[in-house]
Amino acid sequence: MLQPRVVTFLGPRGTFTEAALEQVPGLELTERVPVANVAEALTAVSEGRSDAAMIAIENSIEGGVTAAQDALAATPGIRIISEHVVSVNFSLVAPAGTRLDDIRVIAAHPVAWAQCSGWLQRELPGRAHLPAASNVTAAADLGSGTAQAALSTPTIGQWVDGLDVLADRIGDNADAVTRFLFVGRAGAPGEPTGADKTSLVVELPSDEPGVLLDMLEQFATRGVNLSLIQSRPIGDRLGRYRFVMDADGHIRDERVADALLGLKRFSPSVTFLGSYPRADGQRIHVERRYSDRSFEDARDWVRGLIAGEPTS
Ligand SMILES: O=C(O)C(=O)C[C@]1(C(=O)O)C=C[C@@H](O)C=C1
C-alpha cells in the first residue's frame, strides 16, 4: 500500500486502537482521524474519505469483537492489510477525591467490563455498568456525573486531566491481548510470506443437514487450517448466519486458492477480506501433498492426460 494520507481509528486520542496504529510502519506523515465507532472507521475507507482504518477484532478473553466482524462483513470494497496485537490492561479511575465507597455506577467499554469482571465482583460487587464507546470516552465523560468511576487505559492521565487512579492492573488476566486489523481499500493482496492468514465471510447455501460440514471440508481436503470461525446473524430473519473465518495461508498459496474455488462453487456469497502476514510471524507447516508443487504437478498431469500423454 502507498503511504496513507488519512487513517481513521476508534477515538478519542489515547485508545488501545491508537496504540495499535503505532505498530504500523510509515505513518509518520499520516493524518490520524479519531471516529466514534468501528463501522464509521470502515465506512470512511470504503467511501474514500480515509485511506485505511485500524479496528479491534478479537480479544484473548472476550473473543471476537462482534461489532467489528459485522462491520467487516457489511462494508464493501475494503481489504485487510495487516494484523497487530496489543497488550491490554485496565485501571479504575475517578475524578480526584473520589473514594471507592462513593462509586455506584462504573463507565466502561463492554470488552473492558468483561475483562475486569473478577476484580469488580471481588472489590466492587453490585455496581452498575454504564457502557461506553471506548476506554477513553468512559473516563473523558465522567464530568457528566452519570458514572462516578471508569475502567480505562493505564495511559489515560496523558489525555484526561483531574483523575485519580483508584486501582491499576485490574484486568483478570495480566497477559490479555487484543488483535487489531489495519484495513485499506480493496486492491491486490501483498506478497505471500509463508506466515500468512486469509480472512473470509461465507454464507451457507441452505440449512440442510450437513452443509456446515460441506463448507469445512473445502478447507480440510486441501490441508488448510482454520484459526477462527465465528457465526454472525445475517439479520434478515431468525436462524440465518454467516461465518467469519480466518484460514492459515495466502490466496497465492495453491491450497488456499483451491479451497476458495471450492467455496465459491458451493456458497451463494463469499467475501474475500484479504491475505496478510500473521502478527506472530509463525510459519505455516504444509504437508508435501498440500504444497504448491504438489498442486502444480497434479494439474500438469491432468493437462498431459488431456493432451494424450501416458496415464501415470
Ligand atoms: O481501543 C480502545 O481503547 C477501545 O476502547 C476498544 C477496545 C475494543 O473495541 O475491543 C479495544 C481493546 C480493548 O480490548 C477494549 C476495547
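Counting convention: from 1, in listed order, for ligands and their atoms alike.
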Practice task
Give a yes or no on whether a salt bridge exists between R179 and D246, defined as a side-chain N under 4.0 angstrom from a carboxylate O.
Solution key: yes

Handout entry: Euclidean distance, K197 NZ relative to L181 CG, rounded to 0.5 Å
Key = 8.0 Å

Protein N/O near ligand 1 N/O, under 3.5 Å, which pairs?
residue	atom	partner	partner atom	Å
ligand 1	1 (O)	F16	N	3.3
ligand 1	1 (O)	T17	N	2.9
ligand 1	1 (O)	T17	OG1	2.5
ligand 1	3 (O)	F16	N	2.8
ligand 1	3 (O)	N135	ND2	2.9
ligand 1	5 (O)	N135	N	2.9
ligand 1	5 (O)	N135	ND2	2.8
ligand 1	9 (O)	H109	NE2	3.3
ligand 1	14 (O)	T178	OG1	2.7

Practice task
Run the salt-bridge test on D300 and R303 with the 4.0 Å N-O cut-off and return the result as yes or no.
Solution key: yes

Problem - Sidechain-backbone polar pair: T17 side chain, F9 backbone, donor-acceptor under 3.5 Å - result: no

Handout entry: Electrostatic pair E22:R32 at N-O distance under 4.0 angstrom
Key = yes

Problem - Euclidean distance, I57 CD1 relative to L273 CG, rounded to 0.5 Å - result: 8.5 Å

